[in-house]
Amino acid sequence: MTGAGMKNGHFSGRIVSLDGLRGLAAMLVAVYHLPVIFGFTITHAYLAVDFFFILSGWVMAHSYEKRICLGMPFRDFLYNRFARLYPLYAVALLAALAVTLMKSRIGTGSANIACFVPNALMLPCLQDDGPTFPLNGPSWSIFVEVTINLIWFFAIRMGMHTLRWKLAVHLCSALLLWGFAVWMNRYLAGYESDDVHEGLLRGLLGFAGGLLLFHCRMHALILAYFAALALGVFAVFYAVGDTADVIPLGLFVMGVLPMTVWLAARQRPAILEGRAAAFLGDCSYAIYLLHVPLAMMLQKPLRLMFPGTGISAYMMKAAIFTAILLFVSSMSYRLLEVPARRWLLQRLKRDLRPVTGSIQ
């Protein structure tokens with residue numbers, strides 16, 4: 001059966017199902033980070049970041065792999081990624097900085113702004129102790145994505161875009177990541193100064209998985225490959241003794257997440273193809289980057305409006321915060337992300353336009 005987004009057996013255009021799932025994953029991250037507002041936490045919702053990395057691999061393969069193979073200049077690729085990622089990234093960072101300085105001035109918080117400059121350059125702040133992106137914590141995964149994207153561009157230029165290469169990179173990254181996990185008896189992190197390499201490994205594994213899934217998008221046999229890897233992780237941790245309950249995480253990261261991406265893209269379930277899913281997809285990047293700065297601004301007002309720890313107070317705080325987050329994210333997409341990207345790309349085209357005639 002051929003879905004609405006397929007032509008002659010090949011995927012084309014926007015896959016709303018994946019956009020909707022990305023939006024849901026972004027909301028899960030927000031809930032995970034903000035138990036003081038939502039009143040509960042989803043213990044392993046941070047695995048949504050691994051889901052983002054898989055989606056990134058799929059989307060980048062769909063959007064750029066063929067163009068890079070045909071000779072897309074590095075400058076064009078870099079400018080496209082900058083136009084997509086940086087405008088909102090910068091606004092979210094500045095918003096977090098402004099709130100941090102304001103709270104420090106009125107004596108309700110401390111201002112640690114030493115990391116602003118490296119973070120503004122999308123680089124981790126390697127302190128002796130603490131997070132690499134202290135002003136807006138979720139930004140660590142954007143650094144990982146940009147790093148993996150740049151490496152991937154040059155890997156394609158070197159001819160490393162065949163199925164054999166993709167399988168090799170994915171298998172090697174899986175062995176490295178789960179080797180570290182067995183050694184440390186925990187799943188990897190990536191947001192602290194002493195575990196930057198862990199975040200890069202998570203990004204590499206997810207991105208390589210997304211590339212592989214897109215390459216095999218018409219072949220269900222790829223699901224057996226991911227199922228086998230998931231069972232392999234289960235067997236290893238079962239053999240060494242899983243004292244940190246890593247087995248469920250391994251099954252989820254290596255099995256459930258990639259299978260979800262492949263099946264959602266292939267089957268296009270109606271519940272994930274409607275306007276709500278498209279809306280969440282549009283808002284997903286802003287939900288992910290703005291929920292922390294927004295919570296910094298709204299946490300105290302919401303606590304004053306709805307004091308106590310009862311379920312009704314948390315329900316009201318969660319409902320109001322979610323409504324504001326979705327509204328702000330929608331406005332960000334319409335008024336910042338799309339216009340800024342369009343303007344920056346138009347500038348690129350103008351800069352690359354060949355000069356004709358005399359210079360006035």
Side-chain angles (χ1 to χ4, degrees), residues 3-5 11 13-35 37-60 62 84-85 88 92 137-142 144-145 202-203 206-207 209-210 213-214 226 248-249 251-292 294-295 314-315 317-334 337:
F11 289 91
R14 181 180 184 182
I15 303 177
V16 177
S17 307
L18 297 183
D19 286 346
L21 287 174
R22 186 172 61 237
L24 289 173
M27 281 304 306
L28 285 176
V29 172
V31 172
Y32 175 75
H33 285 154
L34 304 173
I37 290 176
F38 289 92
F40 66 96
T41 188
I42 302 172
T43 307
H44 299 300
Y46 58 84
L47 295 179
V49 176
D50 299 87
F51 188 63
F52 294 148
F53 291 141
I54 297 172
L55 285 175
S56 177
W58 177 290
V59 171
M60 293 296 288
H62 177 266
R84 173 66 183 98
L85 297 173
L88 177 59
S139 299
W140 74 267
S141 67
I142 309 302
V144 170
E145 176 163 347
R202 288 173 68 185
F207 190 84
L213 287 165
F214 183 78
F226 280 98
L249 306 186
L251 294 174
F252 199 73
V253 170
M254 299 306 296
V256 175
L257 294 183
M259 290 180 185
T260 298
V261 170
W262 192 92
L263 289 169
R266 180 70 180 173
Q267 300 299 325
R268 310 290 180 91
I271 194 172
L272 292 176
E273 286 288 309
R275 291 183 178 180
F279 173 78
L280 280 176
D282 291 343
C283 295
S284 59
Y285 187 42
I287 291 171
Y288 186 70
L289 278 185
L290 293 178
H291 72 271
V292 169
L294 200 60
Y314 277 122
M315 286 179 65
K317 286 188 283 189
I320 292 173
F321 180 81
T322 300
I324 294 173
L325 177 61
L326 290 176
F327 175 77
V328 171
S329 298
S330 177
M331 291 301 100
S332 167
Y333 179 76
R334 294 167 182 264
E337 296 170 61

Asks: Which residues pass the side-chain hydrogen bond (donor to acceptor under 3.5 Å, both in side chains) test with Ser139, sequence neighbours left out?
Replies: none
Asks: If you look at every heavy atom in Tyr314 and Gly39, which pair is closest and at what distance?
Replies: CD2-CA, 3.3 Å
Asks: Over all heavy atoms of both residues, which pair between Ile42 and Tyr32 is shortest? Give the atoms and the distance, please.
Replies: O-CD1, 3.2 Å
Asks: Return a table of donor-acceptor pairs under 3.5 angstrom between the side chains of residues 323-331 and protein atoms on other chains or two or more places apart.
Replies:
| from | atom 1 | to | atom 2 | distance (Å) |
| --- | --- | --- | --- | --- |
| Ser329 | OG | Ile287 | N | 3.4 |
| Ser329 | OG | Leu325 | O | 2.7 |
| Ser330 | OG | Arg334 | NE | 3.4 |

Asks: To the nearest 0.5 Å, tell me how far Thr260 OG1 sits from Leu18 CG.
Replies: 10.5 Å
Asks: For residues Met60 and Phe214, determine if any side-chain heavy atom of one lies less than 4.5 Å from a side-chain heavy atom of the other.
Replies: no
Asks: Can you pull the salt bridge (Lys or Arg N to Asp or Glu O under 4.0 Å) pairs that have at least one residue in residues 15-27, sequence neighbours excluded?
Replies: Arg14-Asp19, Asp19-Arg22
Asks: Roughly how far apart are Ser284 OG and Phe52 CZ, rounded to 0.5 Å?
Replies: 7.0 Å
Asks: Using 0.5 Å steps for rounding, measure from the CD1 atom of Ile37 to the NZ atom of Lys317.
Replies: 8.0 Å
Asks: Answer yes or no: is there a donor N or O on one side and an acceptor on the other, between the side chain of Tyr288 and the main chain of Pro138, under 3.5 Å?
Replies: yes
Asks: Would you indicate whether the side-chain heavy atoms of Leu213 and Phe226 approach each other to under 4.5 Å?
Replies: yes
Asks: What's the separation between atom CD1 in Ile142 and atom CG in Leu88, rounded to the nearest 0.5 Å?
Replies: 8.5 Å
Asks: How close do Leu272 and Ala277 get, counting heavy atoms only, and between which atoms?
Replies: O-CB, 3.4 Å
Asks: Just wondering, do Leu28 and Phe51 contact through their side chains at under 4.5 Å, heavy atoms?
Replies: no
Asks: Contact between Ile15 and Arg268 at the side-chain level, heavy atoms closer than 4.5 Å - yes or no?
Replies: yes
Asks: Is any side-chain heavy atom of His291 closer than 4.5 Å to a side-chain heavy atom of Leu34?
Replies: yes
Asks: Check Arg84 against Tyr285 and note the closest heavy-atom contact, atom names and distance.
Replies: NH1-CD2, 3.5 Å
Asks: Is the shortest heavy-atom distance from the side chain of Cys283 to the side chain of Tyr333 under 4.5 Å?
Replies: no
Asks: Is there a side-chain contact between Thr322 and Phe38, using heavy atoms and a 4.5 Å cut-off?
Replies: yes
Asks: In Å, rounded to the nearest 0.5 Å, how long is the span from CZ of Arg202 to CH2 of Trp140?
Replies: 4.0 Å
Asks: Given side chains that start at C-beta, do those of Phe252 and His44 come closer than 4.5 Å, heavy atoms only?
Replies: no
Asks: CD1/Ile54 to CE/Met259 distance, rounded to the nearest 0.5 angstrom?
Replies: 11.0 Å
